[in-house]
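Take a look at the structure set out below.
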Amino acid sequence: MDFKSIEKKWQTRWEKAKFNHFDRKDDERKKFYVLEMFSYPSGAKLHVGHWYNYGPADSYARFKRMQGYNVFQPMGFDAFGLPAENYAIKTGVHPKDSTEQNIATMEQQLRAMGAMFDWSAEVKTCEEDYYCWTQWMFLQLYKNGLAYRKEAPVNWCPSCNTVLANEQVEGGVCERCGTQVVRKNLTQWFFKITAYAEELLTGLDSLDWPDKTKNMQRNWIGKSVGCEVEFDCESGDTIKVYTTRCDTIFGVTYVVLAPEHPLAKKLTTDEQREAVEQYIDYAAHASEIERLSANREKTGVFTGSYCINPVNGNRVPIYLADYVLATYGTGAVMAVPAHDERDFAFATKYHLPIVKVIEKKGEETVLPYTEDGIMVGSVQFDGLVGEEARSAVAKYITKLGKGGSKVNYRLRDWLVSRQRYWGAPFPVIHCPACGDVPVPEKDLPVRLPYDVEFRPDGKSPLAKHEKFMHTTCPVCGGEAERDPDTLDTFVCSSWYYLRYADSQNDKAPFDRAAVDKLLPVDTYVGGAEHACMHLLYARFFTKALRDLGYLDFDEPFKRLVHQGVILGPDGNRMSKSHGNVVSPDDYVNEYGSDAFRLYLMFGFSYTEGGPWNDDGIKAISRYLDRVEKLVLKISDYKAGKNPPYGAEEKTLDYARHSTISRVTKDMEAFSFNTAIARFMELTNAITKYDALPVKNVPLLRSVAEDLVKLLAPCAPHFCEELWEELGHKDFVFEEDYPVADPEKLTLDEKEYAVQVNSKIVCRANISTSLSDEEIEAYVKTLPEVVERVGDKTVRKCVVVQGRLVNLIVG
RNA sequence: GCGGGUGUGGCGAAAUCGGCAGACGCGACGGAUUUAGGAUCCGUUGGGAAACCGUGCAGGUUCAAGUCCUGUCACCCGCACCA
């Protein structure tokens, strides 16, 4: 088959018939929204990863379509972002120009793939008609207190010259470029994702997502149940600490503040001032490597002040130490060196007292002892253990009016400011008189100017664009400046799946009815690397928009599937520097898009991925040839009179229906490699039947047609062509996906493994109508069994219907 | 350190509720066809001469374990001073 011409032929026909367009008016069929993560328009062409994501997922979408769903499968581009800007800095090509060029190339390649993308719904996040609404989203969050600006210690990537969200720092280095991140205190915009921490956590339970991904989000949100306690200072200030171990509170021998804690300087005495300021400076400049080193020596400094432990009135010293994080809990902890490893190390180093207040049950207590144990030296609480102990102490603290139970989350608010050019500008004006003023919605979009100097120097490129910066305050009309930062590109991708539902709308980001009808996404397919970024942000957006009344569902993605990663042939991640990049184009040119897609589906376990290896691609190509020859040969047969329907025909029909039933399950489960194995088995069964001298032509033909239908989602152009050759006028995709007939799935007899004392002695075909007792009786007559059993008695017989019989003798 | 995952032929991989390990392919070997090569078609193919042995390793539960339990090793991923 000349795949090049048939690919073109069917792509053109599908387009002409608007086959790929989601039918918004259709109320008969159930909608089904299949979404693949949209792509970043990089300079390189479509790589194997894109193909692996989109090809098999498209087969799934086509499968759902043939099952009778009104399938919506859109595609678009996550077009803002750093790579285009970095490319511009290197080459001088403007990000807008290179991005548009790349999108054009990729669109063409994506079309050539032959996927049923509904291009009429396409979105490009860098275009005004999209980022206008991204800015609108910001304004809604701002109006409702979910976006705020504050000075905070933030992660700064010196190579990308911008701040990063917590989620974009991996092990202390920039997720994108691998550069060590440094801390800076900057005034930045945040989204209050923490307001949804609890719902983001509990909502996971209802989602059909990989457990691993759900667990990663749970970990990331990091719920912790503990207790807040107030320690009064002699200065009159109060230090709030957070602890999960209030059962150890009688063992507090000092209190530690993070160096950035607001009370740090205030509580410092004159004698200690110099040492403290030095330490604060040291902590601010300690490199991240140092901070991250697991067994880094603890450092700290005494403030000179003391505070009072509310439960026993003990006077304890207040220290500063950078092992306490400013951004978690209250930025202060009560130190119990006897029962916490970090406090133990610190106390040992600075010769602070260590007081044991928990004892290990029945064994000697070795300090630091951090497990649950029996409270001792704790007056009225002595003898209490674990959870019970903590709740008693927490109650007591509440009664004292010094705090009480408290839930904390590890999740931080989402920092969305970026000091870069190629992104959506903040719709905010800073007025010397009125402060931060949101741009009125009617003035959106705040256009991103083209003529900008984007050489990075740590300041936002837009800040140097006077025309952009200079504006008037919408409130007082006075001179004012725009915010020079741009929004994190993850903001753009947090709502694109909603825009697809109504992408041409120029009055609103989307119409509520359209979105409520199409969403949530039924199946979302994309990489696992987004577990704690995009997938979390998108959930947050959905919940926030729901609460603001813009939509009516709780979760954006009902089902999530991660495709695996295709590595280079050497087992490493594909990259130019490894020199192991495999280009799909070469294979597509040589074998065709269907064969390439089919190979991706067959050669790997979809969710696992693995090293690239093209050994099997010829085999797939050969398989398609076999199918073609076989089907065409059968289509030429003339039906004889009185076609036979005996054992052979029954076997063939059984092969057909068991293939249908198993493939349907496999496709639904994204178990594409096994689905294709079933196609091959069915093909083998047809070949075998076809070799018989006398055959039932109508049956054979109908089985062959079913094979074409079953295979169609996985090899769409190829099957359309075959379908046409078989004499059909309509698309094969207008056909119903075959449904297994349960009657044809029952066999008269099945092969059993016959075991004596759990060892297989023979196999036997046994009628499926026999009862366990009848099977046992029959099996006992088999010569192999008689020989093994001899005169020993059968003490037990296990029958597993349809599978095996096990006689226990002796 | 914490959380999660993976480990099966020469290779990619399969294996419903615990029920014949290795489906389907690749490769290899043998044969047919062919002047030859290629292509195609048909067989064989976990190891072992065999009894038997085989799912990282060592135990356990069970009539029966790749699957369940305990311990252990290796690799991968995520988090990592979160009090």
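Throughout, protein chains are lettered first and strands after them, A, B, ... in sequence-line order, and every chain is numbered starting at 1. Atoms considered below: every heavy atom in the structure, side chains included; atoms not considered: hydrogens, waters and symmetry mates.
- In B:C17 the base sits syn relative to the sugar, since the glycosidic angle is no further than 90° from 0.
- Summarising the geometry, the separation between CG on A:Asp614 and P on B:C11 is reported as 18 Å, rounded to the nearest angstrom.
- Looking at heavy-atom distances under 4.0 Å, A:Glu751 makes contact with a base.
- In this structure, A:Ile808 reaches the sugar-phosphate backbone alone: every heavy-atom distance under 4.0 Å involves primed, P, OP1 or OP2 atoms, never a base.
- Side-chain contact between A:Asp340 and A:Thr248 is absent, with no heavy-atom pair separated by less than 4.5 Å.
- Among the atoms of the strands shown, none is found under 4.0 Å from any heavy atom of A:Gly329.
- Separation of the C1' atoms belonging to B:G27 and B:C75 is 26 Å when rounded to the nearest angstrom.
- Between the CD1 atom of A:Ile221 and the P atom of B:G4 there is a distance of 17 Å, given to the nearest Å.
- If you check every strand for non-hydrogen atoms under 4.0 Å, A:Asn806 touches a base.
- Relative orientation of the A:Tyr606 and A:Tyr52 rings is tilted, given thresholds of 30° and 60° on the angle between their planes.
- Remark: A:Ser605 is in phosphate contact with B:A14, judged by side-chain N or O atoms under 4.0 Å from OP1 or OP2.
- Computed from coordinates, the A:Asp666 CG to B:A13 P distance equals 17 Å when rounded to whole Å.
- Remark: A:Thr674 is not in phosphate contact with B:A13, judged by side-chain N or O atoms under 4.0 Å from OP1 or OP2.
- At whole-Å resolution of the value, CD in A:Gln801 and P in B:U16 are 20 Å apart.
- Distance check on atom P: B:A28 versus B:C79 gives 43 Å, rounded to whole Å.
- In this structure B:G19 sits in a base pair with B:C63, meeting the Watson-Crick or G-U test at under 3.5 Å.
- Nucleotide B:G4 carries an anti base; the chi torsion (O4'-C1'-N9-C4 or O4'-C1'-N1-C2) is more than 90° from 0.
- Atoms CD1 (A:Ile617) and C1' (B:C11) sit 17 Å apart, rounded to a whole Å.
- Note on ring orientation: taking the six-membered ring where Trp is involved, the planes of A:His530 and A:Phe490 are perpendicular (angle over 60°, cut-offs 30° and 60°).
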Polar-atom pairs under 3.5 Å, protein N or O versus N or O of nucleotides 25-31 of chain B: list them with distances, or write none.
| from | atom 1 | to | atom 2 | distance (Å) |
| --- | --- | --- | --- | --- |
| B:G25 | OP1 | A:Asn684 | ND2 | 2.9 |
| B:C26 | OP1 | A:Arg622 | NH2 | 2.9 |

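- In this structure, B:C29 forms a base pair with B:G43, meeting either the Watson-Crick or the G-U wobble geometry with both donor-acceptor distances under 3.5 Å.
- If you take CD1 of A:Ile566 and P of B:G12, they are 13 Å apart, rounded to a whole angstrom.
- The partner of B:G38, taking Watson-Crick or G-U wobble pairs whose two distances both stay under 3.5 Å, does not exist in any strand shown.
- In this structure, A:Lys759 places its NZ atom 12 Å from P of B:A21, rounding to the nearest Å.
- Each of A:Gly610 and A:Ala332 has a nearest nucleotide on RNA chain B; the 5'-most of these lies closest to A:Gly610.
- With a 3.5 Å ceiling on both atom-pair distances, the Watson-Crick or G-U wobble partner of B:A74 is B:U6.
- Using Watson-Crick or G-U wobble geometry with both donor-acceptor distances under 3.5 Å, B:A50 finds no partner in any strand shown.
- A:Leu804 places its CG atom 13 Å from the C1' atom of B:A65, with the value rounded to the nearest Å.
- One C1' atom belongs to B:A14, the other to B:C24, and the distance between them is 8 Å to the nearest Å.
- Summary of the strand contacts: A:Asn219 and A:Asp343 both lie near RNA chain B, and taking for each the nucleotide with the nearest heavy atom, the more 5' one is attributed to A:Asn219.
- Heavy atoms of A:Gly609 sit under 4.0 angstrom from primed sugar atoms or phosphate atoms, though from no base atom.
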